[in-house]
Amino acid sequence: MALSVRSWVANEGGKHLVLVLWLGANTLLFMRTFLLYYCGQQYHYLHQMLGLGLCISRASAAVLNLNCSLVLLPMCRSLLTYLRGTHTVTSRKARRLLDKSKTFHVACGVAICVFSVVHVSAHLVNVVNFSVRYSEEFPSLNVARYRGEVRCAHSHTHTHTQPVLTCGLLPQDPRLIILTTVPGITGILLVLILFLMFTASSYCIRVSNYEIFWYTHNLFIVFYIILIVHVVGGALKYQTNFEAHPPGCLRANQTNPDKTEEESGQAEGDVWSCREEARFQPNSPETWLWVSGPLCLYCAERLYRYIRSNSPVTIVAVVRHPCDVIELRMLKKDFNAHPGQYIVLNCPSVSSFENHPFTLTACPTEKKETLGIHLRVVGDWTERFTELLLPDPGAESEILPMVQQRRYPKLYVDGPFGSSSQEVFNYEVSLCVAGGIGVTPFACVLHALLDGWRHFRLRRLYFVWVCRELQSFYWFAELLCALHHKLWQENRPDYLNLQLFVSQTDGLQNISEERYRPLSSRLMIGRPRWKLLFEEIGRTNKHKRVGVFCCGPKGISRTLHRLCNSDRYSGTTFEFNKESFS
Amino acid sequence: MGKIEWAMWANEQSLAAGLILLTGGIVGVAGQFRDWEFAAYAIAAGVFVCLLEYPRGKRNKGTSVERTGQYCFTVCVKSFGPLTRNYYVRAFLHAAICIPGGFLLATVLGCVCLGIASLIYLAAAIRGEQWEPILPSKESARKPVGESIKLPPQNPPPRPPAEMRRKRAEDLEAAAYVNPIAVTANDD
């Protein structure tokens with residue numbers, strides 16, 4: 001499939017522009033700091049002592065400052081939801097960039113790790129140089145406390161019969177320098193915390209043991225506190241009086257061995273003789289300037305989320321659906337949500353610290369104030385949660401939903417948080433592809449359309465739902481049929497184009513209920529053929545921008561992404577938006 | 001809340017620690033530091049740890065994701081049997097490997113990271129985890145349809161539905177049928 005430049009730019013252009021800007025900022029900062037330390041007059045003596053290690057370590061420190069401050073910003077989810085929801089950010093292109101906030105966070109994190117390695121290696125070389133090249137001319141410049149101690153040892157050589165005493169000067173052990181200075185110890189702690197955070201963040205661990213990832217990642221607050229203390233040590237000093245004492249100038253009782261008598265006699269006093277001794281002062285720490293803003297913002301956001309989620313939630317109804325799905329209806333005061341947003345549940349009776357995200361399937365409206373979620377029971381948290389909500393079912397009542405009144409556990413709801421599916425209403429034509437339980441964001445969209453479809457910009461919705469088993473369609477069969485009937489009554493039958501697919505060919509293949517006739521006539525067996533679907537949508541919606549929304553397995557979203565970037569659709573542009581958690 | 005598999009995290013850590021040890025060793029040898037023999041040892045130790053830890057173990061529950069190209073490493077590591085399966089052995093092995101790294105400045109970090117990994121392996125071993133190799137599954141997903149057809153049927157065909165079995169008063173002849181096997185309990 002050929003790649004189309006226009007489609008690629010529409011889909012990937014924004015992300016790559018941000019990437020280029022970010023790389024440019026990092027490179028600029030690195031080069032600027034490197035050159036400052038390489039050529040700057042106030043660092044001349046320090047550079048002489050330490051060499052290239054000084055420049056590399058300071059330049060990487062500047063890049064680390066930038067990335068440590070940027071890495072917190074994409075994680076302020078309430079702020080991003082606010083930016084996305086209230087259309088403060090008016091361009092849809094900019095809002096699509098907000099979908100990639102987690103990717104940006106990961107990129108900054110990787111940059112922090114890489115530059116930490118560079119920074120640590122360069123500082124190790126610096127420490128060795130501090131120890132070996134102890135400067136007696138400028139004692140205040142040193143970090144090592146002494147030139148070295150005299151160590152003597154007896155040695156036997158083959159030419160002498162008696163043992164010979166040889167004495168030499170042993171510079172201060174670099175390891176001691178590290179362990180006895182504030183930057184050294186804090187540096188070691190920082191690297192250890194970063195090591196723990198980095199190794200627990202791989203995809204494999206997030207998928208299998210999310211708790212390890214979550215608890216180690218929350219060590220970030222310790223990391224930041226130690227980071228601010230790390231720069232306070234003042235190990236690197238700059239010269240404050242380089243006008244009065246130009247670097248490389250001669251002292252009163254020194255002669256420059258390189259120059260001849262005539263040249264030194266002829267040279268004017270200002271250039272080559274020093275008016276005063278060099279004075280040094282530690283660099284003022286600037287990490288706190290970079291880091292404190294985003295850190296305060298993030299802490300304020302966490303506090304706000306904690307306060308907001310502390311108000312109680314009443315569980316109104318619990319309904320069991322086929323294929324291990326539970327619908328939960330709740331009431332919460334002052335809760336406003338848009339279709340496509342998700343909430344995070346915390347149930348202390350199940351686990352005090354675990355938070356699990358679930359997309360809303362029903363938002364509170366004026367007519368109905370409850371908010372609803374559908375959750376699939378897979379994994380130990382959902383199993384335990386379901387046990388607390390419902391008694392054990394009998395095998396026969398699997399298909400019929402069961403409603404029961406009992407004492408429900410206490411539940412805390414944090415959110416709502418924005419996601420890419422909120423944009424469905426902002427395109428003229430949208431294609432929503434759902435795989436299994438991934439239908440939940442689109443169910444909320446359909447509920448909103450049921451309440452009133454005329455005031456949205458959306459003119460046509462293609463809804464493709466692929467499930468493994470036929471019973472899964474009963475989760476939203478009522479909703480789909482109700483919307484279908486409403487649109488037919490209001491003379492807009494082409495608004496909703498529904499296609500249902502059952503991918504496993506072994507099970508039941510027929511929806512037999514009479515009231516679900518619209519579904520059974522749109523049911524197809526087997527997997528959808530995406531290319532044909534895209535061609536059909538392209539032909540019937542020429543020269544339009546179609547929003548493609550996918551919430552489902554990786555295979556489907558990769559195929560759709562590739563199709564959106566290719567070029568055979570008669571002038572129609574497909575913009576790809578993917579919903580994902582974890 | 002549920003069962004955390006510590007071994008997976010320890011595996012990631014020890015792989016990263018092996019790489020750090022290797023890098024530190026290369027820096028130490030290239031810079032010709034004073035005790036550069038330790039750096040040379042660190043290079044060898046780093047390579048060994050990376051080779052040992054590259055194949056991921058199988059998860060107890062759920063799907064295991066392999067690292068790219070790990071199959072040959074899995075076969076090598078599996079061949080050592082209980083030495084590599086038991087996490088106590090790995091914990092003590094890593095603890096022993098990391099100690100010489102502490103003597104040279106360039107390899108100190110690798111030493112500390114490997115030490116942390118060995119502690120987590122100890123925790124995993126205490127909880128009874130073991131390293132299982134991820135091998136491609138041999139059995140096919142579906143049984144071939146032909147097998148059951150070769151055997152003759154073990155049971156007689158089922159009875160006609162209840163409406164037919166109910167004796168109709170008006171037409172006794174048509175309602176009669178022969179039971180292939182006895183349907184009453186005490187029919188001798």
* To do: For chain A, find which of B/Q13, B/R59, B/E5 contributes the most heavy-atom pairs closer than 4.5 angstrom.
  => B/Q13
* Asked: Relative to chain B, which segment of A/V117 carries a heavy atom at a distance below 4.5 Å: side chain, backbone, both, or neither?
  -> neither
* Between A/F115 and A/H119, is the ring centre distance below 6.0 Å? -> no
* To do: Provide the closest heavy-atom pair for B/G18 versus B/C50 in the form atom of the first, atom of the second, distance.
  => C-SG, 3.8 Å
* Side-chain ion pair, B/R90 and B/E53, N-O less than 4.0 Å -> yes
* Structure fact -> Closest non-hydrogen contact found for B/V49 with B/S14 is CG1-O, 3.5 Å
* To do: Measure distances from A/L192 to the heavy atoms of chain B and classify the residue's part below 4.5 Å as side chain, backbone, both or neither.
  => side chain
* Structure fact -> Looking only at B/G24, B/A17, B/C113, B/A106, the option with the highest number of non-hydrogen pairs under 4.5 Å against chain A is B/C113
* **Part of B/L109 within contact of chain A (heavy atom distance under 4.5 Å)** => side chain
* Asked: Less than 6.0 Å separating the ring centroids of A/Y210 and A/F213?
  -> yes
* **B/I120 portion near chain A, given a 4.5 angstrom heavy-atom threshold** => neither
* Asked: Where on B/A117 is there a heavy atom nearer than 4.5 Å to chain A: the side chain, the backbone, both, or neither?
  -> neither
* To do: Counting only heavy atoms closer than 4.5 Å, note whether B/I20 contacts chain A via side chain, backbone, both or neither.
  => side chain
* Asked: Side chain, backbone, both or neither: which part of A/S352 has a heavy atom under 4.5 Å from chain B?
  -> neither
* Compare all side-chain heavy atoms of B/W131 with those of B/T74 and state whether any distance is below 4.5 angstrom. => yes
* Where does the angle between the aromatic ring planes of B/F92 and B/Y88 fall among parallel (under 30°), tilted (30 to 60°) and perpendicular (over 60°)? -> parallel
* Heavy-atom distances under 4.5 Å only: say whether A/I188 touches chain B with side chain, backbone, both or neither. => neither
